[in-house]
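One-based numbering, in listed order, for ligands and for the atoms of each.
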Amino acid sequence: MAAMACGSSMVLGSIPCSAVATPSASGAGRTENAAITRSGFLGSASVGFYKTAAAQLLPQTRKSSQNVDYHRGQVVMTSEFEKTNPFADELRRTAAFISAPGKGILASDESNATTGKRLATVGLDNTEANRQAWRELLYSAPGLGDYISGTIMFEETLFQSSRAGVPFVDILKQQGILPGIKVDTGLQPIDGTDGETATQGLDGLAERCRRYYQQGARFAKWRAVIKVDSEKHPSSTAIMENAHGLARYAQICQANGLVPIVEPEVTLGDGDYSIERTAYISEKVNSHVFRFLNEYNVILEGILLKPNMILPGLDVPTPAPEEVAKYTVRTMLRSIPAAVPGIHFLSGGMSEEEATLNLNALQAYGPTPWSLTFSYGRALQSSTLKIWSGKEENWDAAQQRLVALAKANSEAQLGKYTGPHPSPGGTRILQQLRLGGAGK
Ligand code: 13P
């Protein structure tokens, strides 16, 4: 299939080709040019000069062991899905853009119910106006785009505007941040299991993806939750069900131009199960997920993975970052194909500082084939929300906290974080662990 020219007409402007991945010493799927200019992002005329992701990623002529022929940037693929997908090159560019060095994702896709619980912690009612003001504070924080390449939104927010009437997607676009959308519709129990869940949302998903793309979204998220303990969980039923759901979701997203964030979350929970146990289960879960992604011909360069870091149960003392990093990188190396451009860890209840320190420690195990970076919700929002507390006079300070947290994690992504942390110490953010049900 002929490679799509950079700068093709897309609602939000196309991904700048300056963000397209090139092979580098630090691993395939990385971006040479971390500084993505705003004009580039907004679709400057210069983008047409650049080569396509496929051409830059691959040598001029190569026959891979997977029976895929590459020749002068023309990619001849064995999968009909990939061969006929008009978004194939755009998906690769989007994924490379989001996982560029020093960049990560702001996860702000809490459902209205969960947002309400978070707002309640600072005494705010769960009104649409309060949710809107809170998201405006996040998205309009000056300088956020220096560290954040994508933000995940809940459906209400994707279609919302600032209080002054500027659509959130435009505010993000001006920051150089790609809008993303949570597309799962929450968790339901799997019958006959002890509280294990299946993620809902495949019905009507293609049509919703088309609408979200029209509105400016370029990536999506689907969260699968895997319960772990020292012996019984997860069941093979839960692993199979969730791996299948993630794969079918990913295929539907790619068919409609959205890069799927594939999130198999082996969730941090009660108990004294060991870090080795989480490593073993996460490796198994990831491997099943990629087995199913392969079954559905999902284009691996056009996805992002959002897993948990490898942590023991909550009754075990918090491990040192080096310990977490050792097991996390080993697990990823054992189960994640090198074609995936970025692994964006969730913060999963870690304290804000713990999330940064662990991310920084991961980089010592590089170079790795993928970027090891963040897609944090609570670890970017918790102290930001506390500082704001709904008070106009705290607006600037809260935005500064968010940007300082994003900067610390950006440095950690580069393995250059030295502190001090903007939100030092702190305990696990457990009172805000997600409760399942209707979305996170
Ligand atoms: P946390 O970083 O709060 O775990 O949220 C990330 C996320 O989006 C999980 O779905």
(message) Quick check: closest heavy atoms across E196 and A238, and the distance to 0.1 Å?
(response) OE2-CB, 3.4 Å

(message) Evaluate E265 for polar contact with ligand 1, using N/O atom pairs at a separation under 3.5 Å.
(response) no

(message) So that I know where these two stand, are H344 and Y376 an aromatic pair - ring centroids less than 6.0 Å apart?
(response) no

(request) Run the numbers for me: atoms of ligand 1, each under 4.0 Å from some heavy atom of R223, listed by number. (result) 10 (O)

(request) Between S347 and ligand 1, find which residue part has any heavy-atom pair under 4.0 Å and reply side chain, backbone, both or neither. (result) both

(message) Between ligand 1 and K221, is the shortest N or O to N or O distance under 3.5 Å?
(response) yes

(request) Indicate, as side chain, backbone, both or neither, the part of I152 found under 4.0 angstrom from ligand 1 when only non-hydrogen atoms are considered. (result) neither

(message) Under 4.0 Å between a side-chain nitrogen and a carboxylate oxygen: does that hold for E90 and R218?
(response) yes

(message) Quick check on D315: does its CG atom have over 12 non-hydrogen neighbours (other residues, nucleotides or ligands) under 6.0 Å away?
(response) yes

(request) Output yes when the distance from some N or O of ligand 1 to some N or O of G377 is under 3.5 Å, and no in every other case. (result) yes

(request) Please work out which of H344, E263, K182 has its closest non-hydrogen atom nearest to atom 9 (C) of ligand 1. (result) E263

(message) Quick check: F168 with F159 (ring centres under 6.0 Å apart)?
(response) no

(message) Once you restrict to heavy atoms under 4.0 Å, what part of S375 touches ligand 1? Side chain, backbone, both or neither.
(response) backbone

(message) Between E283 and R334, does any side-chain N to carboxylate O distance fall below 4.0 Å?
(response) yes

